[in-house]
Amino acid sequence: MPFGHLVLSISVGLAVPVVDLSSTPATIATCFAPENDCAAFAIRAIDRARHEILVGAYNLTTGSGIVEALLGAKGRGVDVRLVADRTAPCQRNSGIDPLARAGIPIWIDHAARIAHVKTMVIDSSVTLMGSYNWTAGAARNSEDLNLVASPVVGAAYAAHWHERLAISSPFNRREDWCRMASGAAEQSATEETRR
């Protein structure tokens, strides 16, 4: 197989305060970079989406095929929405601009110090999660990406996505946001120097 593939039917009993997963079976597939093509792993899941993809992104760039797959999903009529870290629009090769131009709603999570999530909830029942960023560079790092097929896990991650959405700001223009983010970073650096 082209990626590390582990399929388990398990009962998960984790100390999760939001959801009791003790009697819910899940199917899990896993991918490890740089040994395997985790971007292709994610793209296959995106390409199977029928209704909705809720994306949480610390970083999102063009070049890996992931942004392009999200654009393809939008073109098929899938409701794609994104909550991103405040630095995501300002990164080199940011995928935010092409997604915004395609009409994909984007919000910036400015409430957290770092919006470090790397998740996608697909059709409420499949969740991609792990350390893998939605970037071309992630393929060269030691990273993991897990696909969990479980409506209960999907509901928990979708609920968290909606919680972050509720305290995020709509993204309109890169220039406005990156100027604000740059100013905040400069102010933070100045305060750190004074300490």
Q: Any donor-acceptor pair under 3.5 Å linking the side-chain atoms of Asp85 with those of Thr87?
A: yes
Q: Find out whether Ile114 and Tyr58 are in side-chain contact, i.e. whether some heavy atom of one side chain is under 4.5 Å from a heavy atom of the other.
A: yes
Q: Keeping Trp134 on the side-chain end and Gly95 on the backbone end, is there a donor-acceptor pair under 3.5 Å?
A: no
Q: Report the distance from atom CH2 of Trp161 to atom OG of Ser168, rounding to the nearest 0.5 Å.
A: 8.5 Å
Q: So for atom CZ, which belongs to Arg50, do other residues, nucleotides or ligands contribute more than 12 heavy atoms lying within a distance under 6.0 Å?
A: no
Q: Considering only heavy atoms from C-beta outward, does the side chain of Leu54 approach that of Asp79 to under 4.5 Å?
A: no
Q: At what distance, to the nearest 0.5 angstrom, does SG of Cys38 lie from CD1 of Ile43?
A: 11.0 Å
Q: Measuring from Thr119:OG1 to His160:NE2, what's the distance to the nearest 0.5 Å?
A: 8.0 Å
Q: Kindly say whether Gly65 contributes a backbone atom to a donor-acceptor pair with the side chain of Glu68 at under 3.5 angstrom?
A: yes
Q: Please tell me if the side chains of Ile46 and Leu70 come closer than 4.5 Å, counting only heavy atoms from C-beta onward.
A: yes
Q: Could you tell me the separation between the CG atom of Asp37 and the SG atom of Cys31, rounded to the nearest 0.5 Å?
A: 7.0 Å
Q: Measuring from Phe41:CZ to Asn146:CG, what's the distance to the nearest 0.5 Å?
A: 7.0 Å
Q: Could you work out, with side chain to side chain contact (heavy atoms under 4.5 Å, CB included) as the rule, every residue matching Asn59, not counting sequence neighbours?
A: Thr61, Gln91, Asn133, Thr135
Q: Would you indicate whether the side-chain heavy atoms of Leu99 and Phe171 approach each other to under 4.5 Å?
A: no
Q: Hey, does the side chain of Asp109 reach the backbone of Ala111 with a donor-acceptor pair shorter than 3.5 angstrom?
A: yes
Q: In the single-linkage hydrophobic clustering (I, L, V, M, F, W, Y; side-chain heavy atoms under 4.5 Å), do Leu128 and Leu71 co-cluster?
A: yes
Q: Ala39 and Tyr132: which non-hydrogen atoms are nearest, and at how many Å?
A: N-OH, 3.5 Å
Q: Do any N or O atoms from the side chain of Arg86 and from the backbone of His110 form a donor-acceptor pair under 3.5 angstrom?
A: yes
Q: Just so I know, are the side chains of His51 and Val78 near enough to count as touching, which here means a heavy-atom distance under 4.5 Å?
A: no
Q: Is there a side-chain contact (heavy atoms from CB on, under 4.5 Å) between Lys74 and Ile53? Walk through the geometry before answering.
A: CA-CA 9 Å; Lys74 168 75 173 167; Ile53 303 174; over 6 Å; no
Q: Determine whether Ser131 and Asp144 make a side-chain contact, defined as any pair of heavy atoms from C-beta on separated by less than 4.5 Å.
A: yes
Q: A side-chain contact here means heavy atoms from C-beta on lying under 4.5 Å apart; do Pro34 and Arg140 qualify?
A: no
Q: Please give me the minimum heavy-atom distance between Ala33 and Ala138, naming the atom from each residue.
A: CB-O, 4.0 Å
Q: Examine distances only and state if a side-chain atom of Asp123 and a backbone atom of Glu52 form a donor-acceptor pair shorter than 3.5 Å.
A: yes
Q: Does Tyr157, at its OH atom, have more than 12 non-hydrogen atoms belonging to other residues, nucleotides or ligands within less than 6.0 Å?
A: no
Q: Compare every heavy atom of Ser94 with every heavy atom of Pro98, then report the nearest pair and how far apart it is.
A: CD-O, 3.7 Å
Q: Answer yes or no: is there a side-chain heavy-atom contact under 4.5 Å between Arg164 and Trp107?
A: no
Q: Can you tell me how far apart CG (Leu82) and CG (Leu165) are? Round to the nearest 0.5 Å.
A: 10.5 Å
Q: Per the side-chain contact (heavy atoms from CB on, under 4.5 Å) rule, which among Val121, Leu147, Thr27 passes with Val126?
A: Leu147
Q: For Leu145 and Lys118, run side-chain contact (heavy atoms from CB on, under 4.5 Å): C-alpha distance rounded to whole Å, both residues' side-chain angles, the deciding distance at 0.1 Å, then the answer.
A: CA-CA 9 Å; Leu145 182 59; Lys118 299 111 179 197; over 6 Å; no
